[in-house]
Amino acid sequence: KNQVEQSPQSLIILEGKNCTLQCNYTVSPFSNLRWYKQDTGRGPVSLTIMTFSENTKSNGRYTATLDADTKQSSLHITASQLSDSASYICVVAGGSQGNLIFGKGTKLSVKP
Amino acid sequence: KAGVTQTPRYLIKTRGQQVTLSCSPISGHRSVSWYQQTPGQGLQFLFEYFSETQRNKGNFPGRFSGRQFSNSRSEMNVSTLELGDSALYLCASTPQGFGNEQFFGPGTRLTVL
């Protein structure tokens with residue numbers, strides 16, 4: 001069964017600290033993996049899209065990694081800011097029908 | 001370039017009623033997808049339209065339907081509303097389809113009483 005699992009479910013960190021969010025998937029065949037940031041009450045915004053051949057991709061203070069062999073991805077946030085408080089959703093495109101499979105997200109709270 | 005717009009932003013309905021939500025994609029985007037987001041289930045795919053044709057469909061009952069117009073604008077309809085239909089409904093547009101980056105609208109918050 002095609003699944004995307006994210007951990008932790010929620011995370012609280014202090015402003016200025018780094019954190020890493022995890023995403024494990026069992027989607028096959030794999031097309032690409034995406035990380036989205038969703039602020040409360042708003043639509044998700046794309047952070048990165050990674051294909052099979054990409055190991056690392058950065059977008060400002062956000063760095064995503066992908067290990068296609070172990071089917072794991074991580075999103076690392078450096079020097080967190082209060083505005084990083086949001087849900088982070090991992091999405092894998094693939095499967096026999098080429099669909100998008102969504103993780104349930106990690107809710108990050110950055111405290112001053 | 002204007003982003004994806006959704007109307008209305010908030011809606012309150014009662015059980016048994018029906019509702020129509022609207023989505024205007026980014027200019028030039030031909031694919032529009034709809035999602036339901038609830039706290040317990042996260043984002044769940046409803047369906048995708050491309051050039052006025054439904055191309056993909058998720059596992060939702062027939063009460064959920066949609067259509068796309070020649071200008072790529074899309075509508076989603078839910079008939080015989082149930083309490084469990086209360087959710088944030090998001091639409092996303094892409095130039096061609098799932099392989100491309102999706103751009104989400106702000107969503108319509110539907111509350112069913």
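Below, read A as the first sequence line, B as the second, and so on, with proteins coming before strands; counting in each chain starts at 1.
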**OP:** Could you note down all residue pairs passing disulfide (SG to SG under 2.5 Å) where residues 49-79 of chain B supplies at least one of them, sequence neighbours left out?
**Re:** none

Compile the donor-acceptor pairs under 3.5 Å between side chains in residues 100-112 of chain A and protein atoms, sequence neighbours left out, one pair per line.
residue	atom	partner	partner atom	Å
A/T106	OG1	A/P8	O	2.5

Original post:
Under 4.5 Å between any side-chain heavy atoms of A/R34 and B/E101, yes or no?
Top reply: no

**OP:** Check whether any side-chain heavy atom of A/Y36 lies under 4.5 Å from a side-chain heavy atom of B/Q102, and answer yes or no.
**Re:**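 Heavy-atom side-chain distance check passes, below 4.5 Å.
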
Subject >> Portion of B/Q37 that has a non-hydrogen atom of chain A nearer than 4.5 angstrom >> reply: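 Side chain of B/Q37 only, per the 4.5 Å heavy-atom cut-off to chain A.
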
Original post:
Is chain A contacted by the side chain of B/L43, its backbone, both, or neither, given a heavy-atom distance below 4.5 Å?
Top reply: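 Contact with chain A: backbone and side chain both.
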
Original post:
Is there any residue in residues 4-14 of chain B with a non-hydrogen atom under 4.5 Å from a non-hydrogen atom of chain A, and which ones are they?
Top reply: B/R9

Subject >> Verify same cluster id: A/L21, A/L82 (apolar side-chain graph, 4.5 Å) >> reply: yes

Can you confirm whether [X] is buried at [atom1], in the sense that more than 12 heavy atoms of other residues, nucleotides or ligands lie under 6.0 Å from that atom?
| X | atom1 | answer |
| --- | --- | --- |
| A/R61 | CZ | yes |
| B/N71 | CG | yes |
| B/F69 | CZ | yes |
| A/E5 | CD | no |

Subject >> B/L90 versus A/Q38, closest heavy-atom pair with distance >> reply: CD1-NE2, 4.0 Å

Original post:
Tell me the ring-ring contact (aromatic ring centres under 6.0 Å, His included) pairs involving residues 76-96 of chain B, sequence neighbours left out?
Top reply: none

